[in-house]
Structures are given as structure tokens and as C-alpha cells.
Amino acid sequence: MNNEQLKEKIYSIDSTINIVEGKQYLELNVAPEDLSKTALMLKNNPDLSFDYLICLTGNDLPDAYAVVYHLESTKHNHVVVLKVKAANRENPTLDTVSNIWITADFHEREVYDLIGITFNNHPDMRRIFLDEEDWVGYPLRKDYTDNNIVVR
Amino acid sequence: MEDIIINENQIKQEEYIVNMGPQHPSTHGVLRLKISLKGETVEHIEPHCGYIHRGIEKMCERLTYQQIIHLTDRLDYLSAHTNNEAVCLLVENALQIEVPERVKYIRTILDELTRLASHQLWWCAFGMDLGALTTYFYGLRDRELILDIFEETTGARLLQSFNTPGGLMNDIHPNFIKKVKEFIVHFRKKLPEYDELLTGNVILRERTNDIGLLTLEEAISYGVTGPSGRASGFACDVRKHHPYSAYDKVDFKEILYTKGDCFHRYKARVEEMWESMKIIEQLIDNIPEGDYAVKMKPIIKLPEGEYYQRVEAARGEFGVYVLSTGEKYPYRVKFRSPNFSNLSAINKLGAGHKIADLVAIGGSLDLVIPDIDR
Amino acid sequence: MNAILNYLKELFGGIKTLLTGMKVTGYYFVHPKEIITQQYPENRKTLKMFDRFKGEVTMPHDENNQHKCTACGICEINCPNGSIEVISKQVEKADGKTKKELDVYIYKLSMCTFCGICIKVCPQDAITFSQGFEHAVFNKEKLIKTLNKPGSSLKEKVKEVKEVIE
Amino acid sequence: MTFNIYDFTSFNQWIDKTLYDNLPSFWALIIEMTLIGVAFLLFYAVIGLFLVYAERKVCAFIQNRVGPNRVGPYGIFQTIADFIKLLMKEIIPINNADKFLFNLAPFIVIIASFMAIAAIPFGKGLHAIDFNIGIFYVMAVSSLGVVGILLAGWSSNNKYSLIGAMRSGAQIVSYELSVGLSMVTMVILAGSMQLSEIVEAQRNGWFIFTGHIPAFIAFVIFLIASTAETNRGPFDLAEAESELTAGFHTEYSGIKFAFFFLAEYMNMFIVASIAATIFWGGWMPLHIGGWVGFNHAMDFIPPFFWYMGKTLIVIFLMMWFKWTFPRLRIDQLLKLEWKYLLPINLFNIILMALVVLMGWHF
């Protein structure tokens with residue numbers, strides 16, 4: 001399925017999703033409260049069946065903390081990008097998708113560790129790389145400061 | 001007398017927890033697996049990573065696109081060239097630069113040589129994990145020839161940084177074609193020896209058959225890619241499904257098995273070595289003439305937007321995500337490292353098996369720790 | 001009966017695979033000629049690295065103790081790790097003009113990752129990689145090297161370099 | 001049999017007689033024991049150093065590399081240098097370890113191997129004790145070493161060590177059976193348990209030839225089981241460095257580690273010499289019936305060289321195994337014993353008994 005058909009297909013299922021034609025892939029912008037629902041739909045719909053979560057990226061955008069999901073269907077070989085912005089800037093939370101794609105378990109822990117987005121209902125929401133007890137701050141945030149950062 | 005009869009449930013059952021790593025011979029680096037044991041049987045594995053976390057993604061936010069490349073070497077250092085290529089392809093695709101055919105061919109050959117070298121090292125290390133120490137030296141002996149080829153052309157044996165946006169740092173060395181051909185002839189003779197020594201061995205088969213089973217659904221859900229995923233039947237070869245460089249011009253087989261145990265992960269890699277040699281043979285005589293790079297502006301600025309580039313590294317799908325604001329520095333870089341996803345399946349694979357099996361499973365996943373920690 | 005046959009088949013099949021493995025190792029045991037180990041410190045005189053081997057950054061000087069570096073600083077900007085530091089000075093020429101010239105070219109080998117960008121971007125080809133690989137020293141300070149030799153000067157007839165676009 | 005220049009019996013008797021004639025019997029005994037002790041200590045050290053060097057060279061050539069070549073010509077002094085290094089190394093005290101048992105364990109291991117070596121005949125009349133149940137004695141004593149391994153694993157206060165020790169325990173308990181039974185097979189053929197008599201019985205042909213099929217099967221089983229008993233690869237589960245770092249001796253350093261290290265090689269030497277003695281005729285030269293000249297020529301090679309040659313060949317086989325095969329898993333190890341070796345062994349004993357009863361041997 002090419003992007004055009006995919007777009008129509010997704011519209012036919014849920015017309016409320018905001019779909020943008022990105023540079024490579026279709027980009028689906030969803031509201032944080034719709035995340036679980038949309039993700040489940042993307043995985044379970046037999047015509048879409050996005051069963052493989054390639055990559056989960058946390059972003060510190062100027063207006064909000066966001067998460068980008070790259071999804072692929074191993075059956076139909078099409079890729080879609082799911083984007084969601086956490087509503088709250090102070091205490092960003094999103095729903096977990098680790099119950100839908102298990103690999104998200106580790107990726108969400110990484111996002112929590114480095115960006116600081118908490119995922120609801122995640123089975124094991126701890127830091128994955130940095131020290132759980134004594135690390136302060138989230139390094140990939142733009143406002144993160146550390147005396148050891150070398151500025152060239 | 002009543003009160004001294006001990007109910008079995010009242011005995012305090014302490015978990016026998018063993019820390020495998022961060023310094024342990026079979027984790028191939030500083031990975032710590034916290035395993036709870038019951039006798040010899042592993043009940044639960046909890047990976048603790050981050051011992052070699054260097055914040056590469058953060059560093060990339062202050063580097064230009066040319067400079068990022070040398071950091072990707074240091075992720076999965078065994079598929080350095082492939083990782084370099086991912087960044088270069090991303091920049092080229094974003095700027096819509098068509099690189100010369102020659103570059104594509106050379107990149108593909110180097111990719112496959114990298115894959116061969118990586119799988120050879122994996123073979124050595126897998127043998128050693130299982131206690132067959134001799135494999136280590138046979139594998140390294142043959143890998144040395146590939147490293148010599150790399151050294152002659154790229155100037156470095158492991159961390160080549162040979163790619164640059166728009167092409168290569170240098171043209172191939174005049175001896176390159178001859179040496180690669182010699183290597184292929186040599187390795188076609190030596191690879192059957194690997195099979196004789198290890199693949200057929202009854203002890204290895206007993207050790208790996210039915211160990212660490214991963215079904216297709218689980219492999220997809222865990223995002224286990226590369227030979228490990230393909231052993232479960234997950235057709236995830238980026239070279240096949242989303243061809244880049246010269247992969248659309250070559251004919252090769254995607255090695256797929258369905259069982260998904262340690263032995264088939266082993267087999268998938270050994271078979272991939274044969275396929276890699278086939279790919280190189282198809283390309284090595286047909287490298288077209290031309291430039292080894294296109295002229296790029298000294299300062300590369302990607303147009304605003306998000307980019308994602310996937311390549312097939314030796315251990316699975318390597319991805320680079322770049323969020324650009326149009327500056328010369330990327331706003332956000334994320335590396336989708338194959339080992340990180342592969343590691344997440346280790347509890348699923350290892351629970352219920354023996355300690356020795358856990359070592360075999362770790363070996364069959366072929367984890368490279370700097371790639372996990374980034 | 002079948003069970004016994006299978007048992008024997010399994011047994012002898014297993015033994016056969018073990019013997020195949022022993023054949024390979026046995027072959028190498030009696031063929032020491034296959035050894036490719038290099039005797040490193042002994043072969044130091046004959047050991048030659050490949051031309052492109054990235055040993056360390058050097059600045060070639062000609063017989064008149066002249067180098068090609070114009071102290072433009074492109075390498076310094078492009079170095080991802082800050083391992084190059086170009087310190088320039090203003091020199092007054094005979095015709096009265098002041099000109100920027102290289103004073104000290106500091107190269108920190110301990111920070112270098114051998115990515116090769118500095119050599120690629122150098123417009124004058126003033127620096128190259130040498131093939132030396134024996135970098136071990138007893139003191140960390142020794143890894144900070146000055147590449148231009150004392151008393152060296154800029155080679156004449158060097159093309160004018162465009163100003164770097166920062 | 002005419003007088004043989006290589007017969008040490010009369011020499012030993014002469015020493016014995018001289019000592020007892022000139023000294024009170026108590027002091028004679030003490031001096032005799034000291035002499036033998038010193039001789040064995042020297043032998044032990046020389047063999048230990050040689051075997052370590054041999055193993056390193058053999059494994060190097062198998063692995064397509066040169067091996068030690070820095071200290072002395074062809075690196076022959078490498079093990080001596082290593083040994084000096086081990087002697088000078090700090091002995092690291094372990095917190096919360098059971099100090100007494102921790103220090104005791106290496107000695108138990110090394111004493112066990114010392115005791116076993118006493119009963120082995122190196123030549124005619126060249127052995128310390130000639131028990132009439134020599135085989136039983138060797139079996140009993142050589143399996144004492146596992147007590148040391150268990151103690152080492154238990155007292156180290158290290159989880160890896162404990163797992164290693166437990167593995168070792170399970171391993172020795174099962175493989176002792178196969179070692180014993182394969183020896184018993186040969187006892188049936190020899191008709192004696194005295195090691196000197198077993199060797200003597202092979203004057204006209206080594207048991208591996210005269211006992212043909214059952215003897216060969218017994219030899220293979222003995223080789224496998226004894227490799228397992230000495231904790232060597234592919235049965236080195238007790239150390240299993242890729243799984244348990246170093247298993248039972250993880251926490252040992254310096255001279256105590258050297259004891260374990262040396263004991264491993266000596267145990268290998270002991271089982272190889274037992275194999276040489278009961279299967280390959282010990283110090284007996286190779287005799288082929290009817291070839292008088294050939295047999296006579298063979299007699300001129302000293303028995304000690306025959307014995308050492310055979311032992312070293314068996315040791316080489318064990319090294320070859322170790323450097324070729326992957327390690328077994330603990331359950332497979334037990335499966336191999338109980339499913340394959342033991343039934344075959346029992347069957348083999350019956351076969352051997354039949355062969356002996358019917359006189360089908362040569």
C-alpha cells in the first residue's frame with residue numbers, strides 16, 4: 001500500500017485523525033488521550049496491522065514533550081509515523097504502548113530516563129541507563145545543564 | 001508441640017540472585033544481568049544497562065552532520081561502516097543528492113565485508129561462550145584478512161569513518177579488488193571448516209537446539225531484528241524490503257527459519273556469511289568508474305523536518321532519526337540500535353533455562369553493549 | 001528393536017561429528033605452517049603499515065623547514081573532539097602589511113578519534129596522517145603535541161584561502 | 001627371566017636392606033619415607049611445569065598460533081616464570097569467607113593427587129607402594145580431590161563458586177561409576193587388582209590388543225569418564241569460565257590458586273598413567289608375537305620411557321578433546337553418563353566376562 005492509499009484507509013476507519021504527508025512517511029498526529037485507542041487500532045486492523053514498532057523516540061520540542069513512534073506492518077510492508085505530544089509541560093505523561101508492542105517496554109524506559117516523560121500503566125517505570133537513585137534531571141532535555149558538558 | 005511444626009509456606013524463601021556482569025566473560029562487555037536462580041535454573045533475568053552510556057545522542061546535538069558520523073562508529077563498533085552509511089544516506093536523502101553509482105557499489109561491498117567480519121567475530125565468541133575456545137582463533141584469523149582490506153582502503157581496522165555525506169572519504173585502494181577476491185577464495189575454503197568444527201558438533205546441537213525459543217509473533221513484538229529475528233521467521237531484512245545503496249542490483253537470499261531457537265540463530269548467521277560472499281562476488285567485478293564523492297557544501301544544513309533512515313547492520317535494523325530545524329546542528333538525533341531491542345527479549349528467551357543456556361542465548365543474540373547503551 | 005537402532009545411530013552419529021571436529025583441529029596441529037602470527041617487536045624493522053593507515057596527525061615539513069599551514073583554522077572548527085588548537089600570530093611583512101601566520105599547532109593525540117575530517121577539509125594539504133602506531137608514553141602530557149617544528153615558516157606560493165564561512 | 005638392567009627391584013631391595021641393617025627400623029622407615037617423598041615432590045614439580053607448558057604449546061598449535069615463545073628458547077621457561085609470578089602474588093583475604101576451610105581446600109586437592117601417584121608403577125619395581133588392591137586405592141584416593149573442590153566452592157562465600165562446586169559434586173558422583181566400572185572390566189581380564197601384576201600380565205601383549213573389542217570400549221569410556229573426573233574440558237563445568245567466571249577457584253589467588261592449577265594437571269597425569277597402565281601395558285615395551293629381533297630391540301628402550309610415552313599420548317588425547325569441543329551442560333553431562341556410558345559399560349562388563357570365560361582373548 002502506498003502512502004496515498006494508506007491515508008485513505010486510515011481516514012475510512014477514523015476520520016478524526018490528523019494525517020500529514022511527511023517527507024518519507026505518513027505522519028499521524030494524535031492527542032495523548034487517543035494514543036492507546038489509535039495504537040490498538042493500527043495494530044489490530046487487518047488492513048493496517050502495524051505489528052512492528054521500529055523505533056520510539058522522545059523529543060523535547062519547544063512547545064511540548066513529544067513521542068514519535070515509527071510503525072511498520074510486516075504483512076503489508078508499509079510504514080507510518082505516529083506522533084503524540086504530552087499535554088503537560090511540567091509533568092509530562094502519556095499512556096504506555098508496551099502492552100501493544102512489547103519492545104516499547106525498554107524504549108519507554110529510555111524515554112523516561114533521558115527525556116522525562118512518564119508512561120502510565122508501564123510495568124516497570126524506572127530509569128534504564130542512568131542511576132536510579134542519584135541522577136538528577138533528564139539529559140536529553142534542552143534545558144539540562146551539567147558542568148561536565150564540553151562546549152567547543 | 002503444635003507450634004514447632006513448620007509449614008512449608010512459612011519458611012522464608014530467599015531468592016538466589018546472581019549478578020552476571022558488569023564484569024563477566026560471557027556478556028562481552030559491561031552488561032549486567034541480574035538473574036534469580038533456582039538451583040541451576042534461571043527464573044528471571046533483569047538486564048541492567050547503562051554502564052557504558054556516553055550520551056552520544058546528546059553529543060550529536062552539538063555536532064555537524066559530518067562530525068556525527070565518527071560517533072556512529074562507536075555505537076555498534078562491529079558494524080561501523082553500516083552505521084556510518086545510515087547517517088550519510090539520511091543526509092543524502094534529505095538533501096536529495098544522488099551519489100555516484102561507484103559510491104553505492106563500494107558502500108555495499110564494504111557493508112558486506114563488515115557483516116562478514118562481524119559474523120566471524122560472533123562465531124568465535126559464540127564458540128567460546130559454549131566452551132570451544134579454539135573457534136576464537138580460527139574466526140579471528142580469517143577476520144584479520146578483512147581488517148587488512150579495511151585498513152588498506154579506509155586507514156582504520158575497526159572504526160573506519162569512511163563514509164561522508166555525498167560519498168566516501170577516499171577512493172578505494174588499487175589493491176582493494178584483488179584483495180577482496182583473494183579473501184573470498186580463501187574464505188570459501190575456510191567456512192566449511194567452521195561447519196565441521198562447530199555446526200555439526202553433537203555437543204553444540206544439544207546445547208542449542210530448543211534453547212531460547214522465540215516465536216514469530218514474539219520476535220515482531222519484541223522488535224528482534226537481524227539474524228536473530230530472521231531465525232524466528234521475521235522477514236526483517238532492510239536490504240531486501242527497503243533496498244538502499246546497491247542492494248537492489250544484487251541477487252541474494254534472505255535467510256529465514258521458523259523455529260527461532262539458538263541453533264537456528266546460529267545457522268542464520270553462518271548462512272548469511274555465504275550470502276554476503278555472494279553479494280560481494282556479484283559486485284566486485286562491476287564497480288563502475290566515476291567519482292568517489294559528490295562535492296558537498298562545507299556546511300550541511302538539512303531542511304526543516306523529520307527524517308528516518310534504516311539500514312541493515314550486522315545485528316539487525318539500525319535506524320537514525322533526525323529532527324532538523326534547518327540549522328547546521330540537528331535538533332534531535334536518535335539511534336535505533338538493534339541490540340537494544342534484541343536485549344529486551346532476553347528474559348523471554350532465558351527464563352526457565354539453565355545458566356549455561358543463558359550464556360548460549362546471550363551469545364546467539366550477539367549483543368554489542370555500546371550499541372545498547374549509546 | 002527400533003529404539004535400540006536409533007540409540008546406536010544417535011551414538012555413532014554423535015561420535016562421528018566429534019571426530020570431524022577433531023580432524024580440523026588435528027590438521028592445524030600438524031600444520032604449523034598455517035600460522036599467520038606476526039612476531040611484533042622482532043619484525044619492527046620490516047613491518048610496514050598501509051599508506052592510508054591513520055596513525056597520528058602530522059605536519060610534513062620540507063628540507064627548508066617549511067610547512068604549508070596558513071593557520072586558517074578550518075581543521076580546528078571541523079574537529080569533533082577539539083583535539084586541534086591552532087594558535088596564530090600577526091606578522092608584519094616587508095611590504096608593511098600584517099599577515100596571519102601559524103604560531104603553534106597543538107594536536108592532542110589523547111583526544112583524537114582518527115575520523116580524518118581535519119585532513120579531508122584542509123585546503124592546503126598541510127597535515128597528513130603518519131603511519132606510526134606506537135603511541136604509548138608514560139606521561140599523559142606527552143600526548144599533547146606541537147606539530148610545527150621550531151623555527152619553521154610558511155612555504156611560499158601558497159594559494160590564497162577563502163575565508164571560512166562560519 | 002634373566003637379569004634386566006631396567007629392573008629396579010633389586011636396587012630398591014638393596015637400599016631397603018642397607019638402611020635396615022645400619023639403623024633402627026623406625027629411623028630407616030623415616031628415611032625411606034623422606035626419600036620417596038622428596039623424589040615424588042621433585043617429580044611432581046617437574047611434571048607439573050612440563051604439562052602446563054605442553055598444554056599451552058599443544059593448544060597453541062591446535063589454535064593455529066605459536067604459543068609461549070618469549071621466555072627462553074621456544075618459551076620453555078614460561079611456566080617457571082609464571083610459577084614465580086604466582087608465588088609472589090598477593091594472597092587476597094576474602095571477607096566473610098570460612099577462613100579455615102578456605103585455606104584447607106587447596107591442600108586437600110593437592111594431597112589427593114599426591115596420594116594417587118604413589119601407587120602408580122613407573123617401571124619394574126619403581127613404585128612407592130604396591131597394594132594388592134591398587135586399582136581400588138587409586139580410585140578411592142583420586143576422587144578425594146572433589147572434597148577439596150566442594151570445600152573451596154562452599155567456603156569462598158561466592159555464588160559462582162558455590163554453583164561450580166555443586167556441579168563438580170554431581171559430576172564426580174556420577175562419573176566415578178564409569179571410571180570404576182571400566183577399570184573393573186579390565187580387572188576381569190587381568191585377574192588381579194595389583195597394578196604391578198596387571199602390568200606383568202601384559203608382557204605378551206597389551207590389554208587393548210589382547211582384550212580387543214571390550215577393552216577398546218572400556219578404554220574409550222575410561223578416557224571420557226576420567227576427563228570428566230579431572231574437571232577438564234569439555235567437562236570443565238566446575239570452572240566454566242564463560243558461565244561461572246572461574247567456578248570454584250574464583251576467589252583464590254597466588255600460591256593457593258597455583259595449587260588448584262597444578263592439581264588439575266597432576267590429576268590429568270594420574271588418570272593418563274592409569275589408562276596407560278591398565279590398557280596400554282604400563283612400562284611394558286611393545287612386543288609382537290614371533291618377532292624376536294623386534295621384541296629384543298624394544299626391550300632396550302627403558303620402561304620409564306615407555307610408560308611416559310604412553311601417558312603423554314593419552315594426555316595429548318585429552319588435550320585434543322579439550323581444545324576441540326564445546327562444553328556440555330550439566331544435565332547433558334549427567335545424561336551422557338546415565339544414558340550412554342553406564343549402560344554401555346555394564347554391557348561391556350558382561351561382554352568382557354564372556355570373552356574371558358570363553359577364552360576369546362589373545
Side-chain angles (χ1 to χ4, degrees), chain A residues 20 22-25 27 43 49-62 66 68 70 72-75 77-79 81 83 98-107 109-111 113-115 124 126-132 135 138-142 144 146 148-152, chain B residues 46-55 57-59 61-63 67 93-94 96 216-225 229 233-236 238 241-242 303-310 317 319-321 323 325 331-337 340-345 347-348 372-374:
Chain A
V20 185
K23 291 217 164 51
Q24 288 159 290
Y25 309 122
E27 291 172 4
K43 169 146 191 215
S49 73
F50 287 101
D51 48 0
Y52 168 35
L53 175 67
I54 308 168
C55 185
L56 193 156
T57 315
N59 277 340
D60 177 10
L61 300 178
V68 180
H70 286 78
E72 188 183 23
S73 160
T74 52
K75 207 160 102 200
N77 247 330
H78 47 222
V79 183
V81 183
K83 293 164 92 174
S98 61
N99 49 348
I100 305 168
W101 302 283
I102 309 173
T103 183
D105 182 346
F106 268 39
H107 280 97
R109 276 179 71 187
E110 187 197 331
V111 170
D113 190 353
L114 303 176
I115 302 271
D124 188 17
R126 288 178 299 136
R127 282 177 181 267
I128 191 163
F129 294 139
L130 306 174
D131 203 333
E132 179 72 20
W135 194 279
Y138 302 101
L140 278 180
R141 286 189 177 179
K142 290 287 170 187
Y144 179 80
D146 187 325
N148 297 322
I149 290 182
V150 181
V151 183
R152 286 185 311 113
Chain B
E46 192 189 329
H48 284 241
C49 26
Y51 286 88
I52 192 169
H53 177 69
R54 294 150 295 178
E57 286 168 10
K58 184 81 178 171
M59 281 154 86
E61 290 173 11
R62 288 160 185 267
L63 293 175
Q67 290 172 340
N93 289 345
Q96 289 169 345
L216 173 61
E217 286 71 34
E218 283 162 354
I220 295 173
S221 188
Y222 276 106
V224 176
T225 48
F234 179 14
C236 55
V238 183
H241 300 293
H242 306 277
E304 208 177 318
E306 291 175 31
Y307 305 92
Y308 189 77
Q309 178 64 45
R310 323 161 66 176
E317 180 180 332
V320 189
Y321 167 88
L323 175 60
T325 49
Y331 186 80
R332 167 88 165 100
V333 180
K334 152 101 184 178
F335 297 109
R336 189 262 183 216
S337 53
F340 187 64
S341 301
N342 290 3
L343 175 75
S344 66
N347 184 35
K348 173 76 196 61
I372 296 169
D373 290 351
R374 277 163 286 156

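Residue numbering restarts at 1 for every chain, and letters A, B, ... go by the order of the sequence lines. Quantities reported herein were computed from a predicted structural model and do not represent experimental measurements. Keep in mind that the numbers below use all heavy atoms, side chains included, and drop hydrogens, waters and symmetry copies.
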(message) Given the ring of A/Tyr144, does B/Lys58 sit roughly above its face, with NZ or CZ under 6.0 Å from the centre of the six-membered ring and within 45° of the axis?
(response) no
(message) Shorter than 4.5 Å, heavy atoms on both sides: which option in B/Lys348, B/Glu57, B/Glu218, B/Met59 has the most such pairs with chain A?
(response)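 Counting heavy-atom pairs under 4.5 Å, the top option is B/Glu57.
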At what distance, to the nearest 0.5 angstrom, does [atom1] of [X] lie from [atom2] of [Y]?
X: B/Cys49; Y: A/Arg109; atom1: SG; atom2: CZ; result: 7.0 Å
X: A/Asp105; Y: B/Ser341; atom1: CG; atom2: OG; result: 11.0 Å
X: B/Asp373; Y: A/Leu130; atom1: CG; atom2: CG; result: 10.0 Å
X: B/Ile372; Y: A/Phe106; atom1: CD1; atom2: CZ; result: 8.5 Å

Look at [options] and state which one has the largest set of heavy-atom pairs under 4.5 Å with chain B.
options: A/Leu140, A/Val68, A/Val81; answer: A/Leu140
options: A/Leu114, A/Asp124, A/Ile102; answer: A/Ile102
options: A/Thr74, A/Leu53, A/Asn59, A/Leu56; answer: A/Asn59
options: A/Lys83, A/Arg127, A/Glu27, A/Lys43; answer: A/Lys83

(message) At a 4.5 Å cut-off on heavy atoms, which part of B/Ile220 comes close to chain A: side chain, backbone, both, or neither?
(response) both
(message) Taking side chain as everything from C-beta outward and backbone as N, CA, C, O, which of these in B/Gln96 sits under 4.5 Å from a heavy atom of chain A? Side chain, backbone, both or neither.
(response) neither
(message) Does the plane of the ring in B/Phe340 sit parallel, tilted or perpendicular to the ring in A/Phe129? Use 30° and 60° as the thresholds.
(response) tilted
Would you confirm whether [X], through its side chain, and [Y], through its main-chain N or O, come within 3.5 Å as a donor-acceptor pair?
X: B/Arg332; Y: A/Gly58; result: yes
X: B/Tyr308; Y: A/Tyr25; result: no
X: A/Thr103; Y: B/Ser221; result: no

(request) Not counting sequence neighbours, which residues clear side chain to side chain contact (heavy atoms under 4.5 Å, CB included) with B/Glu217? List them please. (result) B/Thr215
(request) Could you tell me which residues satisfy side chain to side chain contact (heavy atoms under 4.5 Å, CB included) with B/Cys236, sequence neighbours excluded, listed by chain and number? (result)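 Per chain and number, B/Cys236 pairs via side chain to side chain contact (heavy atoms under 4.5 Å, CB included) with B/Thr225, B/Arg230, B/Phe234.
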(message) Any non-hydrogen side-chain atom of B/Arg336 less than 4.5 Å from a side-chain atom of A/Thr57?
(response)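 The answer is no; the side chains never approach within 4.5 Å.
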(request) Tell me yes or no: between the side chains of B/Glu306 and A/His70, is some donor less than 3.5 Å from an acceptor? (result)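 The criterion, which ignores hydrogens and geometry beyond distance, is not satisfied for A/His70 and B/Glu306.
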